[in-house]
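Presented below is the structure to which this report refers.
The figures that follow rest on heavy atoms only: side chains count, while hydrogens, waters and symmetry mates do not.
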Amino acid sequence: MMSNTHTSPGLWALAWRRLRGDKVAMVSLAVVGAFFLLMLASASGLVGANWEDEVALSYAPPTFIGADTDAGIDGVDGVVHAADEHSTPTPVNVLDPLADDIAELRAQMGSNPAAGVEMYGVTDPLADDLTALRASMGKTKKIIAHKASTLPFGADKWGHDVIDKTIKGGETSIVVGLVAALLAVVLGTVFGAVSGYFGGFVDDFFNWFYSIFTSIPSILMILTVAAVLQQKGVLTIVLILGLTGWTGPYRLIRAEYIKHKAREYVMAADAIGASHWRKMFSHIFPNISHVALVQMSILVVGFIKAEVILSFLGFGVPVGTVSWGSMLNEAQNELILGKWWQLTAAAAAMAVLVTAFSLFTDALRDALDPKVK
């Protein structure tokens with residue numbers, strides 16, 4: 001006679017079952033997943049790889065607005081014409097600004113090479129350089145001729161496509177936010193677990209360490225770590241934010257470990273000979289993991305914003321790397337000119353990701369909380 005053996009579902013199986021019943025959580029998960037897939041596609045070069053190409057005119061407006069007719073560039077001769085209706089347009093050769101001066105100089109020299117030798121000591125010493133320069137300018141004319149006057153969501157000052165720039169910037173900002181938040185939560189969790197579980201002089205040491213970090217204003221602490229690292233880059237930003245942002249998770253995780261270490265299930269684990277490490281991270285941590293997840297969600301949002309501040313202060317991403325923070329920094333000057341599309345693209349992408357991530361994390365917190373049925 002066979003007996004039916006029923007295995008109780010685990011913590012994560014129960015959490016997934018609860019999560020599937022929450023429509024808001026599933027929609028949020030789909031949005032966050034789409035951003036992550038886009039980030040992976042950008043990192044692999046499938047999309048956004050050509051964001052530095054000057055595919056449009058400077059500040060080309062979005063297509064639904066239409067081309068800017070105030071001024072234009074003639075892609076055939078490389079001449080910019082003034083757009084003043086009360087004056088005669090004056091052509092200015094921006095591709096060869098020395099052409100008129102050189103023509104006048106040659107007229108003074110005349111057709112006799114000896115005159116040039118007597119006047120200047122040489123005969124047209126810049127001839128070869130000017131020939132090479134004009135050859136390159138001819139290529140520039142062809143490039144300008146193919147620049148678009150509008151793009152689906154506009155272009156920035158250098159003619160970069162705002163959509164490609166937003167996608168590539170999202171890769172940087174998401175990596176900075178997630179990795180820095182993960183580093184901060186891991187440090188805060190380990191410090192808080194050790195401090196809250198063991199207590200005594202161990203707890204006193206970590207509280208002293210925590211007090212040092214919290215007694216210094218956060219902006220000064222960030223600048224101090226940045227000055228010590230002395231190098232720009234994504235890894236530097238991650239270290240700056242991760243090494244200064246662990247204090248919040250530490251405080252909450254420590255309180256949870258102090259509360260849970262006296263619970264019956266921990267005493268039962270101690271009775272069967274479980275090690276301290278196993279009791280801390282196999283028994284207690286799953287019951288307080290929702291606290292760590294909530295803190296990670298908050299830090300991801302905060303670190304994406306902090307990246308904007310670091311970029312403004314000069315400790316952000318280096319030149320040649322784009323992020324939502326650097327885009328928002330550039331948009332400050334563009335707004336004065338009425339060019340709002342780069343700000344809108346970066347802010348909208350950030351708002352959608354942050355909102356979806358926060359909603360999903362809140363739902364995951366409720367699903368993982370054993371007190372919520």
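A donor and an acceptor atom, one from each side chain of Y250 and S195, are located under 3.5 Å apart. In summary, the side chains of N333 and E330 do not present any donor paired with an acceptor at a separation below 3.5 Å, with no hydrogens or angles considered.
With contacts defined as side-chain heavy-atom distances shorter than 4.5 Å, the pair Y197/V202 does not qualify. In this structure the side chain of S28 never reaches within 4.5 angstrom of the side chain of D362, judged on heavy atoms. V31 places none of its side-chain heavy atoms less than 4.5 Å from the side chain of F360. Within the 4.5 Å cutoff, the side chain of D161 has no heavy atoms near those of the W51 side chain. Between I167 and L38, some side-chain heavy-atom pair lies under the 4.5 Å cut-off. D156 is listed as a side-chain neighbour of E334, based on a closest heavy-atom distance under 4.5 Å.
Residue A363 comes nearest to A25 through the heavy atom pair CB-CB, 3.4 Å, listed as atom of the first residue, atom of the second, then distance. Shortest non-hydrogen contact noted between A56 and L151 is CB-CD1, 3.6 Å. Across all non-hydrogen atoms, the minimal contact from A180 to L241 is CB-CB, 3.8 Å. Nearest approach of V176 to V238, heavy atoms of both residues: CA-CG2, 4.1 Å. Here the closest heavy-atom approach between residue T166 and residue A349 is recorded as CG2-CB, 3.9 Å. For the pair S297 and S358, the tightest heavy-atom approach, listed with the atom from each and the gap, is OG-CA, 3.7 Å.
Exactly one of F205, Y210, W208, F206 qualifies for a ring pair (Phe, Tyr, Trp, His ring centres under 6.0 Å) with F191. That residue is F206. Each of H276, K261, K279, H283 was checked for a side-chain hydrogen bond (donor to acceptor under 3.5 Å, both in side chains) with D270, and the lone residue meeting it is K279.
Of the possible donor and acceptor atoms, one in the side chain of S58 sits under 3.5 Å from a partner among the backbone N and O of K157. A distance-only check finds a donor-acceptor pair linking the side chain of Y257 to the backbone of M280 [under 3.5 Å]. At distances below 3.5 Å, not a single donor-acceptor pair connects side-chain atoms of T189 with backbone N or O atoms of V186. Remark: the backbone N or O of S211 is paired with a side-chain donor or acceptor of T214 at under 3.5 angstrom. In terms of modelled atom types and a separation under 3.5 Å, the side chain of S326 and the main chain of V322 share no donor-acceptor contact. Side chain of Q342 to backbone of A331: no donor-acceptor contact under 3.5 angstrom is found. Not a single donor-acceptor pair under 3.5 Å links the side chain of S173 to the backbone N or O of S323.
A single hydrophobic cluster is seen to contain both L40 and F35, as judged by linkage of ILVMFWY side chains at heavy-atom distances under 4.5 Å, directly or through other members. Taking hydrophobic clusters as Ile, Leu, Val, Met, Phe, Trp and Tyr residues chained together by side-chain heavy-atom distances below 4.5 Å, F281 shares a cluster with V194. Residues V294 and L178 are members of separate hydrophobic clusters, defined by side-chain heavy-atom contacts under 4.5 angstrom among Ile, Leu, Val, Met, Phe, Trp and Tyr. At a threshold of 4.5 Å between side-chain heavy atoms, the hydrophobic network of Ile, Leu, Val, Met, Phe, Trp and Tyr places V190 and F201 in one connected group. Hydrophobic clustering (side-chain heavy atoms under 4.5 Å, transitive across Ile, Leu, Val, Met, Phe, Trp, Tyr) keeps I258 apart from Y265.
Between the CZ atom of R20 and the CG atom of L29 there is a distance of 12.5 Å, given to the nearest 0.5 Å. Taking CZ of F285 as the reference point, atom CD of E256 lies at 11.5 Å (rounded to 0.5 Å). Note: L364 CG to S289 OG = 7.5 Å, rounded to the nearest 0.5 Å. Expressed to the nearest 0.5 Å, how far OG1 of T361 lies from CG of L293 amounts to 7.0 Å. To the nearest 0.5 Å, the span separating CG on L235 from CD1 on I240 amounts to 10.0 Å. Note: M267 CE to I272 CD1 = 14.5 Å, rounded to the nearest 0.5 Å.
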| message | As a quick check of understanding, evaluate side-chain contact (heavy atoms from CB on, under 4.5 Å) for R254 and N207, giving each step before the final call. | response | CA-CA 10 Å; R254 171 182 173 272; N207 282 332; 3.4 Å; yes
| request: Show your working on side-chain contact (heavy atoms from CB on, under 4.5 Å) between D203 and F198 and close with a plain yes or no. | output: CA-CA 7 Å; D203 189 30; F198 289 105; over 6 Å; no
| field | CA sep, side-chain torsions, deciding dist, call: M350, L328, side-chain contact (heavy atoms from CB on, under 4.5 Å) | value | CA-CA 11 Å; M350 183 186 301; L328 293 176; 3.8 Å; yes
| message | Between W324 and L353, does the side-chain contact (heavy atoms from CB on, under 4.5 Å) criterion hold? Intermediate values first, please. | response | CA-CA 12 Å; W324 288 339; L353 175 63; 3.9 Å; yes
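Between F213 and F209, a ring centre-to-centre spacing shorter than 6.0 Å is recorded.
Remark: R278 CZ is loosely packed, at most 12 non-hydrogen atoms of other residues, nucleotides or ligands lying under 6.0 Å away.
With sequence neighbours excluded, no residue forms a ring-ring contact (aromatic ring centres under 6.0 Å, His included) with F36.
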